Amino acid sequence: MGEVQLRGFGWRHAGRRAWAVRGLDLQIRHGERVLLLGPSGAGKSTLLAALAGLLPEDSGEAEGTIEIDGLEPRKARDRTGILFQDPQTQLVMARSGDDVAFGCENRGVPAGDIWPRVSDALDRVGFPYPINRPTAALSGGEAQRLALAGVIALRPGLLLLDEPTANLDPAGATLIREAIARAAGPDTTLIVVEHRVAEVLPLVDRVVVIEPGGGVRADGAPELVFAAYGDKLADEGVWVPGFRATPRKATVAATADLVRTEQATVAGRLPPVSLAVGAGEVLAVTGPNGAGKSTLALLLGGLLAPSAGRVTAFGDKRPPHKWRAATLTQRIGSVFQNPEHQFVTARVADELALGPRRLGRSPGEVGRIVDELLHRLRLDRLAAANPYTLSGGEARRLSVATALATAPRLLVLDEPTFGQDRRTWLELVALLAELRDEGHGIVAVTHDADFTRTLADRNLALGEAAPDPLPRRLRP
């Protein structure tokens, strides 16, 4: 099982002029392990969704054919397992073990086999909690491990992985790659989208590079593809092994504090933290999954109240979570770990215009702000697109752009480089460096070691590793 055949395949989202994928002719044989590469917006996630039979017929236009073992993808779903970019989209149960068991139950796995499969899958991905852990209590990286466990437990013939290590700390990413290596045996076909190219190469025996809007650019053994096309692919935005960015550190000392915490804590989510972030610096917040990094970002962004301790900012006697919405928007811009959680309109341009309009900017000024951000973050061609149809990298750039639209002095960014190709990564780093040098303060929660090494002026490492797994019962 797991034979893939595409002939002239294409897909265009409803309401979009440009095709997400077009003219794809590709055959992947049973048991092959393929790394799928391409610039941000090339259609990699769309292709995986198509292979999984998850593109609704009424939400776009298709052309050509796509087959899994000779079957239309919707009829081959019982042979396929997919891990999405955003793990929250595939967690459906309140308890972790039940979530992994859910897919097995739907596939008709014999009752006596389900819980041994659940336990085995959780162990394979290094899930650090017992099976009754609430899914709502998981960090983004922990949710990623759980979602992968749910896919592995199905033992699919075709395993589709969309950036499986994107939200994970380095140790967690290593565990996931080891789990993938064990799960993708000789009877499993693997197709993986991943920006950490060097780390994932030991898992694959073939690289396929697709171009935005049409066709396969390169296809072959990894060493041959990178030897023949490496420099050109890098120029076009594809991540290639050996990338090393030039550091962009601040050249002058940071000035007055924009935000300060004093033993600020959130019960059960964040241990006491004391820090200060000044104008003109980038603070990277790093640490293992579950250490409280995203919770700290919400505190600093005025979106969560501390259960103890203090958060003060901009010399205001009131803590940020008690400010009026307009005041908060002008002073602090936040980018969430899941960008879709902050989109509220049906068009990219409207999303960017929303903040300035609420602050009373004139129509001409709003238009100037929107046009500039569309251009700076390579979103021009997507101005009329629905934010929920964007690729992961495009959605991340849009979320950053919405935070910049009101020109806040402090930016709090949760995984700002998620889903970016090499070119947009460099442009995003350059943009943040410029903002820092203009006197903005930037807090970036990140697992991206290249980002921290290139841009951060200081680093705050949170927490210890998550607790060792407790003895896991086979049944809840």
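Not measured: the values here are computed from a predicted model.
A salt bridge is absent between K75 and E72; no separation between the charged side-chain nitrogens and carboxylate oxygens falls under 4.0 Å. Using a cutoff of 4.0 Å between basic side-chain nitrogens and carboxylate oxygens, D219 and R206 are scored as salt-bridged. A salt bridge is defined here as a Lys NZ or Arg NE, NH1 or NH2 lying under 4.0 Å from an Asp or Glu carboxylate O, and R381 with E394 meets this definition. Using a 4.0 Å cut-off between a side-chain N of Lys or Arg and a carboxylate O of Asp or Glu, E427 and R378 qualify as a salt bridge.
For the 3.5 Å distance criterion, the side chains of D450 and W425 fail to qualify, holding no donor opposite an acceptor. N459 and T286 are linked by a side-chain donor-acceptor pair at a separation below 3.5 angstrom, with hydrogens and angles left out of the test. Side-chain polar atoms of T424 and D421 form a donor-acceptor pair below 3.5 angstrom. A donor and an acceptor atom, one from each side chain of T417 and D448, are located under 3.5 Å apart. With 3.5 Å as the limit, one finds no donor-acceptor pair spanning the side chains of R77 and T80.
Counting only distance, with no hydrogens or angles, the side chain of K293 and the backbone of L462 share no donor-acceptor pair below 3.5 Å. For the pair T135 (side chain) and S96 (backbone), a donor-acceptor distance under 3.5 Å is absent. Side-chain N or O atoms of D414 include none that pairs as donor or acceptor with a backbone N or O of V335 at under 3.5 Å. Side-chain N or O atoms of S399 include one that pairs as donor or acceptor with a backbone N or O of R396 at under 3.5 Å. A distance-only check finds no donor-acceptor pair linking the side chain of N386 to the backbone of R347 [under 3.5 Å]. D169 places a side-chain N or O within donor-acceptor distance of the main-chain N or O of A171, the cut-off being under 3.5 Å. Panel note: side chain Q420, backbone G393; a donor-acceptor pair is recorded below 3.5 Å. In this structure a side-chain-to-backbone donor-acceptor pair under 3.5 Å is missing from R124 to A149. Remark: side-chain polar atoms of D350 are not paired, donor with acceptor, to backbone N or O of T345 under 3.5 angstrom. A donor-acceptor pair under 3.5 Å links the side-chain atoms of R12 to the main chain of R17, judged by distance alone.
In this structure, CG on L382 lies 13.5 Å from CD on E351, to the nearest 0.5 angstrom. Here the CZ atom belonging to R145 is positioned 5.5 Å from the CG atom belonging to L175, to the nearest 0.5 angstrom. With values rounded to the nearest 0.5 angstrom, E3 atom CD is found 9.5 Å from I28 atom CD1. Rounding to the nearest 0.5 angstrom, the gap separating the CG atom in L373 from the NE2 atom in H375 is 11.0 Å. Between the OG1 atom in T402 and the CZ atom in F343 there is a gap of 6.5 Å [rounded to 0.5 Å]. The distance from the CG atom of L352 to the CZ atom of R357 is 10.0 Å, given to the nearest 0.5 Å.
With a 4.5 Å cut-off on side-chain heavy atoms, F336 and L303 count as touching. Side-chain contact between I66 and L51 is present, with heavy atoms from C-beta onward closer than 4.5 Å. For the pair L377/L398, no side-chain contact is recorded, criterion being any heavy-atom separation below 4.5 Å from C-beta on. Considering only heavy atoms from C-beta on, L138 comes within 4.5 Å of F127 through its side chain. Put simply, the side chain of H195 does not reach to within 4.5 Å of the side chain of R422, judged on heavy atoms. Residues L201 and P241 meet the side-chain proximity criterion, which asks for heavy atoms closer than 4.5 Å. Within the 4.5 Å cutoff, no side-chain heavy atoms of L37 are placed close to those of W239. Using a 4.5 Å cut-off on side-chain heavy atoms (C-beta onward), H30 and D187 make contact.
Environment of CZ in R29: sparse, with no more than 12 heavy atoms of neighbouring residues, nucleotides or ligands closer than 6.0 Å. Open room surrounds NZ on K232; 12 or fewer heavy atoms of other groups in view lie less than 6.0 Å from it. No more than 12 heavy atoms of other residues, nucleotides or ligands shown are found within 6.0 angstrom of CD on E57. Heavy atoms of other residues, nucleotides or ligands lying less than 6.0 angstrom from CZ of R358 number 12 at most.
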Practice prompt. Check step by step if side-chain contact (heavy atoms from CB on, under 4.5 Å) holds for I180 and V200.
Written response: CA-CA 10 Å; I180 293 169; V200 81; over 6 Å; no
Practice prompt. Applying side-chain contact (heavy atoms from CB on, under 4.5 Å), run through L190 and L161 and close with a yes or a no.
Written response: CA-CA 8 Å; L190 173 68; L161 305 176; 3.7 Å; yes
Discussion item. Test side-chain contact (heavy atoms from CB on, under 4.5 Å) on V192 and L203; report intermediate values, then the result.
Written reply: CA-CA 9 Å; V192 57; L203 295 178; over 6 Å; no
Worksheet item: Under the salt bridge (Lys or Arg N to Asp or Glu O under 4.0 Å) criterion, do E194 and R177 qualify, and how do the steps go?
Response: CA-CA 11 Å; E194 180 61 87; R177 286 190 292 270; 5.7 Å; no
Discussion item. Pair T446, T452 - check side-chain contact (heavy atoms from CB on, under 4.5 Å), show working.
Written reply: CA-CA 8 Å; T446 184; T452 300; 3.4 Å; yes
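Taking every heavy atom of both residues into account, V118 and G97 meet most closely at CG1-O, 3.9 Å. Taking all atoms of both residues into account, the shortest heavy-atom contact from T406 to P356 is CG2-N, 4.0 Å. Between V193 and P164, the shortest heavy-atom contact is O-CD, 3.5 Å. Taking every heavy atom of both residues into account, D99 and V92 meet most closely at OD1-N, 2.6 Å. Of all the heavy atoms in P416 and L428, the pair that sits closest is O-CD2, 3.1 Å. Taking every heavy atom of both residues into account, E142 and G290 meet most closely at OE2-CA, 3.5 Å.
The side chain to side chain contact (heavy atoms under 4.5 Å, CB included) test with L159 is passed by exactly one of T188, L154, I82, L83: T188.
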